[in-house]
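This report refers to the structure that appears directly beneath it.
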Amino acid sequence: MLDKRFSQAIEEKWQTEWEKRGTYTFRGLDERPTYAIDTPPPFTSGELHMGHTLSYAYFDFVARYKRMRGFNVYYPQGWDTQGFPTETKVEKKCGRLPCGLFREKCREWTAQMIDKMKDTMVRLGFSPDWEHQYLTMDSEYHRKVQLSLHLMYDKDMVYRSEHPVFWCYKCNSALAKTDTDDLERETLLNHILFKGPEGEGLVIATTRPELMYACVAVMYHPDDERYKNLEGKEVTTALGKKVPVLPDRDVDKEYGTGLLMVCTFGDKQDIVWAYRHKLPIVSILDGRGKLTGTGGFDGLKPKEAREKIIEKFREEEKILKQEKTTQVVKVHDRCKTPVEYALSKQWFADITNHREEIKKMAREVRWVPEFGINYLDDWADSVEWDWVISRQRHFGTPLPFYYCPKCGETEKADELPFYPEKAPEKACSCGEKMKPEESVCDCWVDSSITPLMVAGWPDREGWERMYPNALRPQGVEIIRTWAFYTIYRSGIGITGKKPWDVVLLNGNVLAPDGRKMSKSLGNVISPTDLLKQYPADALRQWAAMSGAMAKDRPFSYEDIKFAKSFLNKVWNAAKFVQKSLEGYDGSSPPLSDIDKWILESMNKATEECTDAMENYEFHRCARKLHDFFWHDFCDDYLEYVKYRIYGEDEESRKAAQHTLHEVLYSFIKLLAPISPHISEEIYHEMFKSREGEDTINFMPWPEPGPRFAKEHRKVGQMRELVSKIRQAKASEKISQGAEILLYLPGTELPEEMLEEVKNITRIKEINEGEFKIEKVEEEKEKEA
RNA sequence: GGGCUCGUGGUCCAGUGGUUAAGACGCUACCUUGACAUGGUAGAUAUCCCCGGUUCGAAUCCGGGCGGGCCCACCA
């Protein structure tokens, strides 16, 4: 028997059982078509947040649906383990350690975080294959990442070169853009006097006059009439250096004087211009972030130098104006020091020569929703320079190369996995000893081969059967990184084939107030907190109701409360059906029109749910399940058949029992991908003996049964009359269960339908006359 | 500034050319009817952002505007 209430104890029972049985473990390739999911490996922060919950629920729905559709689903759990946040946390906890030991501590810490996250995932009923996990910090993963880089190196897609990178001089480290914050501050915009080709005065505006020693050009907007005459000529800076004047579309005519100086490298725009116009590169900061090559200002920090140089220009009467302006500067998020660009040797992957190929391959993939591809196109078109793949960090995949400090020659490592501290010596052709590269890879280098990892590339037998992967689920906000780099590396760089058939996009979960969830706003909702109050199946329904629109959506307590009520409804209805089926022998006598009506409704729901699941429209599937089950099945059908279940007519009762059984059985199968726990429990308590399968997970997805379109229409008319009578009872304040007399002017309803109406609405007698109802006096009952 | 996306009862959201615009939450009235009060029956509440166009017909398609959101670029 089903328990009195559906509880989390039941959910936990099944979670344990599924894990014990290895229900979701991949058993190897077989005759079934494979369905490999390129699951997002979460960064191992230790916390699973609502965004994860939503996104992971999506592809868990798909995985469960595909299993029921007969696919051999391969759905391994990956973990994105390496990165700065981990280094920071471990450093805080353990202090500074030698490199090898430090990495060991990072690994330990990561393992703990994974345990925490896995626990939440299990409690949400996610069904990945825990026996086929991958961790980006494993040496096996390192080996494959390194191999992939070698293959790209052989195609000249990976190279070492000099390039400006974000640099924090306080921490003495290269930074990724994500390690920076924006800081708004007030500063002075200085109008400084330059000399034109004829010795005439020209005024440029700058906030960083101390960089003038690195000035390599002066620019204006091509449509700016004031400066058009300067094209191709040279001007003299306030320091007496001659530089070319160039037109450029990115110059703002309205800002300052419309004339600006380009230095290497004041900000990112300077780098863009330096590359676009092939300008010479002048290093003005030394290794400690102090000025160099300036003569009088060497050894000063930029800020000090700025004050001094302004003083100098003021004395020379070259400062014409100073105005206050606000600017946004990038600062290192940890120490809040403004970052500079520093020239250094880094490793690159050649994006700029492959953008058209990437865009073309992206078109072979189905994007759900379609607009997702726009993000990728935009990015491909706007990338200014190649992808810097090296990072000066410790906890990461080592770049598997050597370089020659003398001639700059590079070579692949001979053995993989490669670790610089264990690297054998290598001589350069120039005679010098080569150095093993000590930088590690950008995290996206690791995660841009996940479809290959999932497939088992390059050595697992039959990996080509799983590549392309069937599905890549991911957030919209990382199309520019994860999707883009994966197509570039796994697709263009390594296999020449698209990485997946379908990309399924999800949006973010906002706080109920519509703002971003953030610790500082105190509006964070976590799945672990919700699980204290709501069953996992309710959270999963919330996720389904949030749709697959790739749209940000506020978290809604109403939705999850509704989901919980719905589960309660399903549970109670199942209890009723179970009780109603007592003594049922499995026979199926002729069905009534009402039975055929609900079976036809079931057929329609099956079609709609199937279509919705095929198109990843989980909200449509969930809504149909709600509407059908709550309204058609519970509110109407169950009420319509009660008199038959409790009545004396055995044939009629068996027909109703047969129908109840069929409908509930099909329904829980349709519900199983979204709410697997409740479906599994009901399956085991009520239906298992029939099929002998030990889990609902692999039951075949329902197909529509025999069609009853005619009966469906006929019953529609009957329901209108029932509704009219209920309405009359309500307005006369008569209880719905009370027995009545009905007066009708006549009806088109067939006799047997009218008979149903009598039974359903407890009519004692139907009389000819204007429509009205009358309560039957209960004298007889009182007497008894 | 560029790209994308959205704008539907008090709130959230479905519907993407065709009869009285679906549902949820909230609200009102009634109903302790033998699965469920985490329930049931009924009810009120919508200039479908604005303007113009296409069409026999537009919430739905097109153009323009206004207003949110996201991403990117952000001023030397």
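Just so we're on the same page: letters track the sequence lines, and every chain starts at 1.
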Whole-Å C1' distance, B:C31 and B:A22: 26 Å

Flag if over 12 foreign heavy atoms under 6.0 Å of CD, A:Glu323: yes

B:C70 pairs with, by Watson-Crick or G-U criteria that keep both distances under 3.5 Å: B:G3

Passing candidate, side chain to side chain donor-acceptor pair (under 3.5 Å) with A:Ser675, options A:Gln541, A:Glu11, A:Arg540: A:Gln541

Side-chain N,O (A:Lys516) to OP1/OP2 (B:C71) below 4.0 Å: yes

A:Lys561/A:Glu558 salt bridge by N-O under 4.0 Å criterion: no

Presence of A:Lys569 side-chain N/O under 4.0 Å of B:G40 phosphate oxygens OP1/OP2: yes

Ring-ring centroid check A:Phe687 A:His661, cutoff 6.0 Å: yes

A:Glu582/A:Lys579 ion pair, N-O < 4.0 Å: no

Distances under 3.5 Å between nitrogen or oxygen atoms of protein and nucleotides 41-46 of chain B:
from, atom 1, to, atom 2, distance (Å)
B:U41, O2', A:Gln736, NE2, 3.1
B:A42, OP1, A:Ser723, OG, 3.1

Whole-Å distance separating the CD1 atom of A:Ile645 from the C1' atom of B:G34: 13 Å

Between B:U20 and B:A46 - C1' atom distance, rounded Å: 14 Å

Phosphate OP1/OP2 of B:G34: any A:Tyr643 side-chain N/O under 4.0 Å: no

Spacing between A:Gln578 atom CD and B:C36 atom P, to the nearest angstrom: 14 Å

Side-chain N,O (A:Trp630) to OP1/OP2 (B:G40) below 4.0 Å: yes

A:Asp250 and A:Arg276 ion-paired at < 4.0 Å: yes

Nearest-neighbour nucleotide for the A:Asp267 side chain, B:A73, B:C75, B:C25 considered: B:C75

Earlier contact from the 5' end, RNA chain B, for A:Asp378 and A:Leu638: A:Asp378

Pairwise P distance, B:U60 and B:G53 [rounded to whole Å]: 14 Å

Separation between the C1' atoms of B:G43 and B:G26, rounded to whole Å: 14 Å

P atoms of B:C62 and B:C6, separation to the nearest Å: 12 Å

Electrostatic pair A:Asp635:A:Arg719 at N-O distance under 4.0 angstrom: no

N/O (side chain, A:Gln269) to phosphate O (OP1/OP2, B:C74) under 4.0 Å: yes

Short side-chain N/O contact to B:A35 OP1/OP2 from A:Lys642, under 4.0 Å: yes

Rounded distance (Å) that lies between atom C1' of B:C6 and atom CG of A:Leu510: 13 Å

Separation of atom CD in A:Gln533 from atom C1' in B:U38, rounded to whole Å: 14 Å

Between B:G1 (P) and A:Lys253 (NZ): distance, integer Å: 16 Å

Of the listed nucleotides B:G39, B:C36, B:G23, the one nearest the side chain of A:Ser565: B:G39

Watson-Crick/G-U partner (both atom distances under 3.5 Å) of B:C13: none

Ring-base stacking, A:Phe562 with B:A24 (5.5 Å, 30° cut-offs): no

Aromatic centroids of A:His49 and A:His52 separated by under 6.0 Å: yes

Nearest-angstrom distance from the residue atom CG of A:Leu625 to P of B:A22: 21 Å

Rounded interatomic separation in angstrom, taking CD1 from A:Ile204 and C1' from B:C75: 13 Å

Strand partner of B:G34, provided both Watson-Crick or wobble distances fall under 3.5 Å: none

Which atoms of nucleotides 12-15 of chain B (N or O only) lie under 3.5 Å from a protein N or O atom, and what are those distances?
from, atom 1, to, atom 2, distance (Å)
B:A14, O2', A:Arg623, NH1, 3.4
B:A14, O2', A:Arg623, NH2, 2.6

Interatomic distance at P, B:C70 relative to B:C12, whole Å: 16 Å

Sugar-phosphate, base or nothing in reach of A:Glu639, heavy atoms under 4.0 Å: base

Sugar-phosphate only, base, or nothing, as touched by A:Tyr646 at under 4.0 Å among non-hydrogen atoms: base

Ring centroid separation A:Phe555 to A:Trp542 under 6.0 Å: yes

Whole-angstrom distance between B:A44 and B:G10, as gauged at atom P: 16 Å

Pair A:Lys624 + A:Asp632: basic N to acidic O under 4.0 Å: no

Nearest-neighbour nucleotide for the A:Tyr375 side chain, B:C75, B:C4, B:C36 considered: B:C4

Expected output: side-chain A:His221 to main-chain A:Asp223 donor-acceptor under 3.5 Å: yes

Check: A:Trp630 ring centre within less than 6.0 Å of A:Phe562 ring centre: yes

Sugar-phosphate, base or nothing in reach of A:Cys634, heavy atoms under 4.0 Å: base

Rounded distance (Å) that lies between atom P of B:C72 and atom CG of A:Leu376: 14 Å

B:G43 pairs with, by Watson-Crick or G-U criteria that keep both distances under 3.5 Å: B:C27

Whole-Å P distance, B:G40 and B:U54: 49 Å

For A:Arg355 against A:Asp381, the heavy-atom pair lying closest together: NH1-O, 3.5 Å

Which residue lies more 5' along RNA chain B, comparing A:Leu259 with A:Ser382 via nearest heavy atoms: A:Ser382

